[in-house]
Structures are given as C-alpha cells and as structure tokens.
Visitor: 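Here's a structure for you.
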Amino acid sequence: MCGITGWVDYERDLTAERATALAMTRTMALRGPDDEGLWTSPHAALGHRRLAVIDIEGGVQPMTEGPATLVYSGETYNFHELRRDLEGRGHRFRTRSDTEVVLHAYLEWGAGFVDRLNGMYAFALWDARREELILGRDRMGIKPLFYAPTKNGVLFGSEPKAILANPDFSARVSEEGLLEVLTNAKTPGHGVFTGMHEVIPGHTVTVSRSGLTDHRYWELTAREHTDDVPATVRHVRELLDDIVERQLISDVPLCTLLSGGLDSSALTALADRALGRDHVRSFAVDFVDETGGFVPDDLRETADGPYVHDVAEHVACDHSDVVLGNDQLASPEAMRTVLRARDLPAMGDMDSSLYLLFAEIRKQSTVALSGESADEVFGGYRWFHDPGAVAADAFPWTSAALGQGLDLLAPDLRAKAGAYQRDRYHEALTEVPHLPDASPRERRMREICYLHLTRMVRLLLDRKDRMSMAVGLEVRVPFCDHRLVEYVFNTPWSHKTYDGREKSLLRGAVADVLPDSVVRRRKSPYPATQNPGYEQAVRDRLRAVAADPSAPVRDHLDQDAVKAALDRPLGKASIQRDRVPIERALAFADWLAEYRPAAA
C-alpha cells in the first residue's frame, strides 16, 4: 500500500533539501510502517513509506531502472500477466514485486502504460531523460494523490499533510474550500486547501519545465447492453470470481471485513472458496449496548450481528467480532487520530469505529477485502428506489429524508452550502454519457448511477483509505474493479432491479454461496452505535466548544440551533435526525481548531 511524496523544482538544487523532503516523507509513517526511502536529484526528490505486502525483501522503493525512478502506492492485480508480456519483450526482473513491473511497463510503453494496469494505485515517476514527472491515479480513486503547483515545479503527496510539511506551502482555505468541506460534494480535482488539487481518478498529470498537463486516460462511457438478465447475472459472477482470486494475492496475512450484508458476505464466501482448504479470516464490528438491545432507526432495520454469524457458520470462516465501547469511540485520542489521518472533518463514530476496528484487525492481518462500493455499482442505497429522491434536483443522498447534517451552521453559511452543492450537482449532470434512444427513466437512472460512481464512492473510498492506512492496514475493494464497474454501469436499470429489489444482479450472482437469511436481508448501512453514552459525550464536547469564545468555529454556528439540538432527549431511533448534525458541527470545529487555515 504505502505513502508517496515528492518535490520537483527546476530552479533549485533539491539534493540540498533532503531534510525538508524527509520531513514530508515522515508525515506518512503510519501509511508505511515497514520501511522508508528517499531519492534525490538536482531537480526532483521522491519519498516513500512502505507497507510491505508483496515481495517483502525485494520491493524496496524508490525504485530506479535506467532513466526512470518510481514511487508507488497500491497494488497492480494483473502484474503477473504484465510481467510475462514484458519478459517476452526482453525485459529482465530483479524482484518479484508489482512495483518493478509497473516501472518496466513505463519503459516499454511510455505514459500510456496506465491503460494496461488493473488495480488500485497512485504513483509518481521521474524520467531523467525528459526531466518530467508523471503523477497517476487509478480509475476509481481508491488510492489518494494530491499535488500543489509551485512557481518552478510541484509538490505532491498521498495526503495533504505531506504537502503542508513543506515550508513553501501554507494552509489557506477560501470560502469555496470551506463549502467543499461542509457539503462533501467531492468535486473532482478539488484539494480543499487553496493551491492544492487532487489527481482526478483515471487521470495522469505530467510536470515539465513548460508547466503541468492533465490527461484523462479512463472515463465511464455509454455502451449498448445486449445480454439478457440470465447472461448478465452469469457474467457478473464470472467477473467476481476472477476479481476475488486476483485480489487474494499477498505475502502477508489476509482477511475480509464482514458486516452480514450482501456485499461483504459475498466477498467472504467467494474468498473462502478461492482459498480452498485454507479458510478465510473475517472480522466484524459491534458495539457495547447498555440499554436493552438494538432498536430500528432511520436507516437500519436490523442489527448486523445475527447475519454476520449466519455467514461465518455457513462459510466456516475463521471469524472474530470486535466490540467497541463508548470510552473508545468518543475518546479524544481516537478522534484526534481520525482527524489527523483524514486532514478533513471526520464522520463521527462511523470514522472512529472504523479506525478502531482496523487497529484490532492489524494485530492479526495486514490485508483486508472490503465490500465498499457495491451499493454504488449495483444500486443498493434506499434512495435509488425512492421516487422522491430520484426526482429531486439534487444529489439523491441529500434528499430531505436523509438531510445534510448542516442544521447547526449559521444561516448564511448554510444557504451558501446549499447553493454550492446545487451548482456541483448540475456540473456533474453535464458529464453523464447517455445512449441516444434511452427512455427518460433509463436516462435518469444512468444519471443517478453516475453521480454515485464519480462523487459519493470517492468520499467513501477516501474515508476507508485514511482509516485503514492510519494503522498500516491495506484494504482492497474488489467491487471497484473497472471491468465490473463498466459492465454494470451500462446494464439497464430494469436488469439491476429484475427481482423487484435493490442489487438484484449481485444477489442473483452470489445467492448460491450465501445463507438464505443474508440473501433476503434488506440493505443496512455501516453500523452506528446506539449507546446513548456516546451521544452524550459528543453533545458535551460540542457544548463546550460552542461556549468557548476563542473557538474558530464559533462564528460559523447558529447558537440557537445548537442549544436546541443539545437539549433534545437522547434517542436510539433518531441518529440521522439528531446526532449527525451534532457530529458534523463538532467535526468541523475540531478541523478548524487543528489546522487553523488562514483565509485565502
């Protein structure tokens, strides 16, 4: 997995700047606990922190071959096929690592080598012949990569903190940056901090003496789907079998994340089959409950536990539950760690619980398979099937039924956030590829699917990357394989809902490997604790912040709305309505206090 960073400056000798380049590299020590590397030349410095997963001894970075030096984060799942092809073309390899294959692929095919990669990755490659840097990112945005153009070159890193560690860059945020943070619009390429950008998924950025050039090498396109429903279901299963088998490659202990939902259960069952006699390990998160058991809430009809155990028994996997208490979820230490890992406001206990779960998993495994993105690919969220949310002139996940969690902001800021989000929504609609003869229904559902695959999924992938890499755990996301995404994106909505339910294609493809209870279960989001002790702790912290006249967030809050929210009775079934706005306001307050960004 790893973390990468670096610096290009065409007017400065960077061999004299090793201390700064090393400081940038060490901001990502948690991403790469196993090794550290730094390479410098007169105009380029590349830093690397390594989490060793494939070829423990040989895959050390930065890696140089001829004129090219590479730092790479992630995994290339088809590196065995690429290696055979390259060997047939005369290339010889010193290691068993996928990094070396990526490096030789560049030497053979140039910058177009990215078209041949199947995986999750972010990389920076310096070509000494051309004095050019190529930054690249995988098609779905699984692995992060940020950059900041400078007067004479560029700064870059897997996370903003690497760039912020360079004295040539300061943490400034414009009003637009604040709105990007508050709305979670995930505008492609937006880096929140003024002057900082993300490499857009499916893009490369080339840096040369003449400036920066952004190149798109992949995008979702509209294609006619000719398979009937049975053929589509079969092909989805064939793809999943191949994807899971590829993503089980590892030289370190591997496991699955199991929630008892269709997505994670399918991966666990398929992984166990692919491993043969060696049963897969699985982990699930649960919460200490002091008030008499689960109560259905705004989004969750059932608790995960019984379904998790049904799958574990059905598959016979080696399963463990990680049970978290209020003292862990609301601890200042966990919240600070989550904030620093994200460089952005956190998502309350949904982030802290994920971080704590990953920390426990890391004690036994280094790689985990996750069901993340299946809802975006197959149409699993409830709002896909809510006529009001589908018809709304807004991102469907911000429909009135769900809310945006911005209720406690000052009225003018809340209004600006709403306008900003509407603008980003209409921008996104202009990108959607359509078939010329599609019905209005098919056109709208293609738009809904596109919005999820290019906006929402990137929020969730970024969250999962930051929380996992904060403990040195590599999380793989099989449902983000671009072959599966492309195929299902172009499947008619009538195919995606052929059995009258959400995620029909996935259910049909994997029903034979799952217990009936999971096949019948309705979609349930990532769990949230219902223990009122957690919510009370969050309320107490926001009350203290709101009363602090020196708190940077104070002028951004509606004090009357905050008081009303904090005075409401605690309730298990009102998490989305009552707790989420409190968590979001507190997360915004913590972010402003930690980073104290200057106005741009």
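For the single chain, residues carry numbers from 1 onward in sequence order.
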Visitor: Can any side-chain N or O of Asn78 pair as donor or acceptor with the backbone N or O of Asn118 at less than 3.5 Å?
Guide: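 Looks like yes, one N/O pair under 3.5 Å.
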
Visitor: I'd like to know if Lys363 and Glu360 make a salt bridge, using a cut-off of under 4.0 Å between side-chain N and carboxylate O.
Guide: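 So Lys363 pairs with Glu360 through a salt bridge.
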
Visitor: Step by step, would you call Arg50 with Asp35 a salt bridge (Lys or Arg N to Asp or Glu O under 4.0 Å)?
Guide: CA-CA 5 Å; Arg50 187 182 184 208; Asp35 197 13; 5.4 Å; no

Visitor: Once you round to the nearest 0.5 Å, how far does SG of Cys449 lie from CG of Leu220?
Guide: 10.0 Å

Visitor: Test: ring-ring contact (aromatic ring centres under 6.0 Å, His included). Region: residues 335-380. Which pairs qualify, not counting sequence neighbours?
Guide: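 For residues 335-380: none.
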
Visitor: When you measure from the side chain of Gln328 to the backbone of Gly325, do you find a donor-acceptor pair of N or O atoms at a distance under 3.5 Å?
Guide: yes

Visitor: Ignoring hydrogens and geometry, is there a side-chain-to-backbone donor-acceptor pair from Asp98 to Thr76 under 3.5 Å?
Guide: yes

Visitor: Do the charged groups of Asp343 and Lys161 touch, with an N to O distance under 4.0 Å?
Guide: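 Salt bridge flag = yes for Lys161 with Asp343.
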
Visitor: Quick check: do Pro188 and Glu198 have side-chain heavy atoms less than 4.5 Å from each other?
Guide: no

Visitor: Classify the ring geometry between His452 and Trp383 as parallel (under 30°), tilted (30 to 60°) or perpendicular (over 60°).
Guide: parallel

Visitor: To the nearest 0.5 Å, what is the distance between CG on Leu254 and OG1 on Thr366?
Guide: 9.0 Å

Visitor: Are any non-hydrogen side-chain atoms of Leu592 and Phe588 less than 4.5 angstrom apart?
Guide: yes

Visitor: Has Ser250 got a side-chain atom pairing as donor or acceptor with Val252's backbone, closer than 3.5 angstrom?
Guide: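 Here the side-chain-to-backbone pair exists.
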
Visitor: Okay, side chain of Asp310, backbone of Val518: is any donor-acceptor separation there less than 3.5 Å?
Guide: no

Visitor: Decide, yes or no, whether a salt bridge links Asp241 with Arg237 under the criterion of side-chain N to carboxylate O below 4.0 Å.
Guide: yes

Visitor: For the pair Asp304 and Arg521, find out whether any cationic side-chain nitrogen is under 4.0 Å from an anionic carboxylate oxygen.
Guide: yes

Visitor: Salt bridge check, Lys503 against Asp263: does any charged N sit closer than 4.0 Å to a carboxylate O?
Guide: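 A salt bridge links Asp263 with Lys503.
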
Visitor: Looking only at the side chains, is there a donor atom on one of Thr95 and Ser97 sitting less than 3.5 Å from an acceptor on the other?
Guide: yes

Visitor: Are the side chain of Thr256 and the backbone of Leu258 linked by a donor-acceptor contact shorter than 3.5 Å?
Guide: no

Visitor: Does Arg507 pair with Glu502 as a salt bridge, N-O distance under 4.0 Å?
Guide: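 Salt bridge: yes.
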
Visitor: Mind listing the closest non-hydrogen atom pair of His319 and Ser282 along with its distance?
Guide: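 Minimum heavy-atom contact is ND1-OG, 2.8 Å.
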
Visitor: Within a 6.0 Å radius of atom CD on Glu245, are there more than 12 heavy atoms belonging to other residues, nucleotides or ligands?
Guide: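 No, CD of Glu245 has 12 or fewer neighbouring heavy atoms, counting only those of other groups under 6.0 Å.
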
Visitor: Identify the heavy atoms of Ala374 and Leu506 that sit nearest to each other, and give their distance.
Guide: CB-CD2, 4.3 Å

Visitor: Does Arg463 qualify as a cation-pi partner of Tyr526, given the criterion of NZ or CZ under 6.0 Å from the six-membered ring centre and within 45 degrees of its axis?
Guide: yes

Visitor: Whether the side chain of Arg476 engages the backbone of Gln247 through a donor-acceptor N/O pair (distance < 3.5 Å, no angle test) should be reported.
Guide: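 Yes; at least one donor-acceptor contact below 3.5 Å.
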
Visitor: Return yes if some donor-acceptor pair links the side-chain N/O of Ser468 with the main-chain N/O of Asp465 below 3.5 Å, else return no.
Guide: yes

Visitor: Flag the pair Arg246 / Glu81 as yes when at least one side-chain heavy-atom distance between them is below 4.5 Å, and no otherwise.
Guide: yes

Visitor: Ignoring hydrogens and geometry, is there a side-chain-to-backbone donor-acceptor pair from Arg83 to Glu100 under 3.5 Å?
Guide: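 Checked: no pair found.
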
Visitor: Under the ring-ring contact (aromatic ring centres under 6.0 Å, His included) rule, what do Phe113 and Phe123 come out as? Steps first, then yes or no, please.
Guide: CA-CA 12 Å; Phe113 81 96; Phe123 65 84; 5.3 Å; yes

Visitor: Return yes if some donor-acceptor pair links the side-chain N/O of Arg281 with the main-chain N/O of Gln364 below 3.5 Å, else return no.
Guide: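 No; judged by distance alone, with no hydrogens or angles, the pair does not exist.
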
Visitor: Among residues at least two apart in sequence or on other chains, which ones pass side chain to side chain donor-acceptor pair (under 3.5 Å) with Thr187?
Guide: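 With sequence neighbours excluded, Thr187 shows a side chain to side chain donor-acceptor pair (under 3.5 Å) to Glu180, given in chain and number order.
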
